[in-house]
Each structure stands twice: as C-alpha cells, then as structure tokens.
Amino acid sequence: MTVRVGVIGAGWIGNEHIQRLTHTVTGARVTAVTDIDPARAAEAAEPAGARVLPDGAAVVAADDVDAVLVTSWGPSHAEHVLNAVAAGKPVFCEKPLATTAEDCLKIVEAEQAHGRRLVQVGFMRRYDAGYRQLKQVIESGRIGEPLIVHCAHRNPAVPESYTSAMAALDTAVHEVDVLRWLLDDEIVSTQVITPRATSKRFEHLKDPQIMLFETARGVRVDLEVFVNCQYGYDIQCEAVGEEGLVRLPDPAAVGVRTTGQHSTAVLTDWVGRFKEAFDTEFREWIAALEAGQEPTGPSAWDGYAATVITAATVEALESGTVVATGLKPRPAFYGGTA
C-alpha cells in the first residue's frame, strides 16, 4: 500500500517534508498540496507530481488523499486537524497542535469520539537516536530513580521578530515534550528566572532565560534557553539519578589536532542536528499507516500538554512567580487512569 498524503501549508517546513516524503521515505506519495500562496503551493507540488488544491478543506476531502500533513500557520492547525478527524483520516500536525488549550481539547474530544487514534504531533526529538538511548538507560533503572535533569537549548542568533514569549512557545516546547516522554512523568509547575541579559540580543528580548520545571513525582528540571549564544546550535540534556547519570551525546564530529589545539565542529542550525530524527519520524508514521495501525508517536494529548505547559511558562516569565500548569487528568484513551 502506498499512503497518499495531502499537505496543507507549503512554506519552508512543508516543502522540506514534501521532499522527505517524495525522496527519502518509502511507501508514501504526496498527491495534493495547498497553501495560502497558490504560486508557492504549485512550486512545492510540481517536483512531487502532486496537484494543487484551493484550501485545506479540499485537501482533507480529496479522494486521492489517505492521510493529511498540516504544516500551515500555527493558528490554523486546529481547523485542519479537526477536519481530518471528522473525515476519519490520519493527520500529522507540526507543532503546535493548536495555539490554545481549548482548541487542543476540542481535538482530543473529537478523536476520542472517533474511537481510535488519528493524530500525531511533530515532536521529532523522540526519534533522535541520542534521546532514544537516553530513554532506554532511564527506563532500564541503571541510574536509579531520576532526581534532577539539566538541559540547555542554545541557538546562535534569532531575528528581531523573535519575542521573549517564543523562548517557551517555539523553543522550549521541544524540551517540554521530550522531558515528559523521557521521564514518563507530568510537569506540574513552572518558573522562569532571567539572569543578566546578553548584549547580543535585540533590546526587547529577555535572553537568556532559565526555566525551572517540577514534575508530579518531584523531579526538578532546569532548562537554559539561550537563543543568541553566537557559537552554534547546541542541545544538551543530562539526567541525574540515585545511582548514576546519563548524558545526551553530542552529534558525531571528527576531532582535529593542529597548532596546539584540539577542536571539533559545532552545528549551527536545528536542521542539521535533527535531520535524521525527522526522517525516522516520517518513516515510522508512514509504516504504521501502511500496516493499518494507529500512529504511535506524540499524541493529541501530548500536543495539549505542550500547549498548556508552555503557556504557563510564558505566564511565569511575565509574572515572576511559580505557576501551576493546571493540566487536566489524562484520559484512559491516551494511557491515563481517568
């Protein structure tokens, strides 16, 4: 079976995924594309041999679309995902699932009413080899019960349009999801501390930020978000347990010894760092659909949790207080007890 995919949103990430589904992932074919800019949709669709449709509703309804990929503007995600669920079609939605908790819950409720999982959210770190090794070690019990997690998310620079709230909503959201997955635990409170600001930032931006999370089982997480670090794109994660620790490996790079120095290259963008994770993410999504199975990746509930926790983190930044995330109990449909 070839999974015929309709793509809603042909911007940079949408075009990347169209190319991925066309040239890298077997078992998939992009058959329809739409974008708010028809010329951009046509440019993205042509190499894939796909047709251009007028809007997202047309993509979802198309007879030659088995599954939907949503890579449009964030505030439009909920509409397209809900349409796909109503049509009974699997839908892969890049983060955010929706920009409000209310819209996320509408998707959660619609999926439960449908009776089986259709939605997967694009948190690709769960597919990174290093993070998967990290989770294996934690689950094996080799380091004992986790107590503390230290994380860093560093970018060389961001454009002037980047805001202080985006440190949580667009940047730390990936740590929020992967930490919940690594620890199999829920984040119940959040706090943001702002140290001395870097002179390399735009004046309106609070950078760096230190985010402090507490989980339901009492694990404490500190996350440094530093989006103007200058030197490169650097993702770090270290879990400290009762009997040891485990650290995320840096990407493989050759060591160079010359003129009295030993150096290794540092990546400069997230594309290079997580390209293989993106590939694996889509391979596994398509493989599940080919086999007639439900998606196994981040769920609509995970999308809801990420939206709620990052919104609480923005509130913590603005208020200077510790903020409870206020997550609702996880339904049994998503592996919860209620």
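Computed from a predicted structure; not experimentally measured.
- Other residues, nucleotides and ligands place no more than 12 heavy atoms under 6.0 Å from the CZ atom of R142.
- In this structure, I36 places its CD1 atom where only 12 or fewer heavy-atom neighbours from other residues, nucleotides or ligands lie under 6.0 Å away.
- Residues V308 and A101 share a closest heavy-atom pair of CG2-CB, 3.7 Å.
- Under the 4.5 Å side-chain contact rule for hydrophobic residues, L147 and I138 do not share a cluster.
- A side-chain donor-acceptor contact under 3.5 Å links E111 and Y334.
- Atom CZ of R125 is separated from atom NZ of K135 by 15.5 Å, given to the nearest 0.5 angstrom.
- The two residues C104 and T307 make their nearest non-hydrogen contact at SG-OG1, 3.6 Å.
- Between the OG1 atom in T171 and the CZ atom in R154 there is a gap of 13.5 Å [rounded to 0.5 Å].
- A salt bridge between R247 and E238 is present, with a side-chain N of the basic residue lying under 4.0 Å from a carboxylate O of the acidic one.
- Ring centroids of F92 and F282 are separated by less than 6.0 Å, placing the two rings close together.
- Salt bridge D279/K275: present, at least one basic N to carboxylate O contact under 4.0 Å.
- Here V173 sits in one hydrophobic cluster together with I8, L53, V59, V60, V65, V68, V70, V81, L82, V85, V91, L97, I107, L118, V119, V121, F123; the rule is ILVMFWY side chains under 4.5 Å apart, joined directly or through other members.
- Residue-environment remark: CZ (R29) stays at or below the threshold of 12 foreign heavy atoms within 6.0 Å.
- Across V225 and A167, no two heavy atoms sit closer than the pair CG1-CB, 4.0 Å.
- From D170, atom CG reaches atom OH of Y162 across 6.5 Å, with rounding to the nearest 0.5 Å.
- Between the side chains of Q230 and N228, no donor-acceptor pair is found at a separation under 3.5 Å.
- Between M124 atom CE and Y131 atom OH the span is 9.0 Å, to the nearest 0.5 Å.
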Exercise for the section: Could you please spell out the steps behind the side chain to side chain contact (heavy atoms under 4.5 Å, CB included) verdict for T163 and F202? Expected result: CA-CA 9 Å; T163 66; F202 289 103; over 6 Å; no
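- Taken from OG1 in T215 to CD1 in I187, the straight-line distance is 8.0 Å, to the nearest 0.5 Å.
- Remark: side-chain polar atoms of R132 are paired, donor with acceptor, to backbone N or O of R126 under 3.5 angstrom.
- Cluster membership check: V188 does not share its hydrophobic cluster with L327, using side-chain heavy-atom separations under 4.5 Å among Ile, Leu, Val, Met, Phe, Trp and Tyr.
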Exercise for the section: Apply side chain to side chain contact (heavy atoms under 4.5 Å, CB included) to S189 and V323, showing your working. Expected result: CA-CA 6 Å; S189 73; V323 175; over 6 Å; no
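- L212 and I148 fall into different hydrophobic clusters, where Ile, Leu, Val, Met, Phe, Trp and Tyr residues are linked whenever their side-chain heavy atoms come under 4.5 Å apart, directly or through other members.
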Exercise for the section: Under the side chain to side chain contact (heavy atoms under 4.5 Å, CB included) rule, what do K328 and L105 come out as? Steps first, then yes or no, please. Expected result: CA-CA 10 Å; K328 294 182 178 294; L105 287 175; 3.5 Å; yes
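- Here the shortest heavy-atom pairing between D35 and A10 reads OD1-N, 2.6 Å.
- By the 4.5 Å heavy-atom criterion applied to side chains, Q209 and L317 are counted as neighbours.
- S319 approaches T321 most closely through the heavy-atom pair OG-OG1, 2.7 Å.
- Residue W285 is grouped with residue V3 when hydrophobic side chains (ILVMFWY) are merged at heavy-atom distances under 4.5 angstrom, including chains of intermediate members.
- Checked by atom type, the side-chain pair E175/H153 shows a donor-acceptor distance below 3.5 Å.
- Pairs engaging residues 64-76 under the side chain to side chain donor-acceptor pair (under 3.5 Å) rule: R4-D66, R51-D64, S72-S76 [sequence neighbours left out].
- Residues E43 and N15 have side chains that never bring a donor and an acceptor to within less than 3.5 angstrom of each other.
- Between Y233 and W270, the gap from one ring centroid to the other reaches at least 6.0 Å.
- Linking ILVMFWY side-chain heavy atoms closer than 4.5 Å, directly or via other members, places V314 and L205 in two distinct hydrophobic clusters.
- Side-chain contact check for Q120 versus P298: some heavy-atom pair is nearer than 4.5 Å.
- Using a 4.0 Å cut-off between charged nitrogen and carboxylate oxygen, D103 and K106 count as a salt-bridge pair.
- In terms of heavy atoms, C93 sits closest to H77 at SG-ND1, 3.4 Å.
- Using a 4.0 Å cut-off between charged side-chain N and carboxylate O, E186 and R330 make a salt bridge.
- Of the candidates V221, V322, V176, T313, T313 is the only one forming a side chain to side chain contact (heavy atoms under 4.5 Å, CB included) with T190.
- Residues Y304 and S299 bring no donor and acceptor atom of their side chains to less than 3.5 Å of each other.
- Taking 4.5 Å as the limit, every side-chain heavy atom of F278 sits out of range of all side-chain heavy atoms of T24.
- Within the 4.5 Å cutoff, the side chain of E79 has heavy atoms near those of the N83 side chain.
- Contact check for T268 versus Y231: no side-chain heavy atoms found under the 4.5 Å cut-off.
- Comment: E203 engages R201 in a salt bridge, judged by a side-chain N to carboxylate O separation of less than 4.0 angstrom.
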Which atom pairs, one a donor and one an acceptor, fall under 3.5 Å between side chains of residues 258-267 and the rest of the protein, sequence neighbours left out?
none

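- Side chain of H150 to main chain of C237: no donor-acceptor pair is present (N/O by atom type, distance under 3.5 Å, no hydrogens or angles).
- Side chains of Q236 and D250 form a contact here, defined as non-hydrogen atoms less than 4.5 Å apart.
- Between D128 and R273 there is a salt bridge, since at least one side-chain N of the basic residue sits less than 4.0 Å from a carboxylate O of the acidic one.
- Rounding to the nearest 0.5 Å gives a distance of 12.0 Å between CD of E315 and OG1 of T310.
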Practice task
Quick one: do L223 and V149 satisfy side chain to side chain contact (heavy atoms under 4.5 Å, CB included)? Show the steps, please.
Solution key: CA-CA 8 Å; L223 166 60; V149 184; over 6 Å; no
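- The main-chain N or O of V137 is found under 3.5 Å from a side-chain atom of S140 such that the two form a donor-acceptor pair.
- Taking 4.5 Å as the limit, every side-chain heavy atom of E276 sits out of range of all side-chain heavy atoms of Y127.
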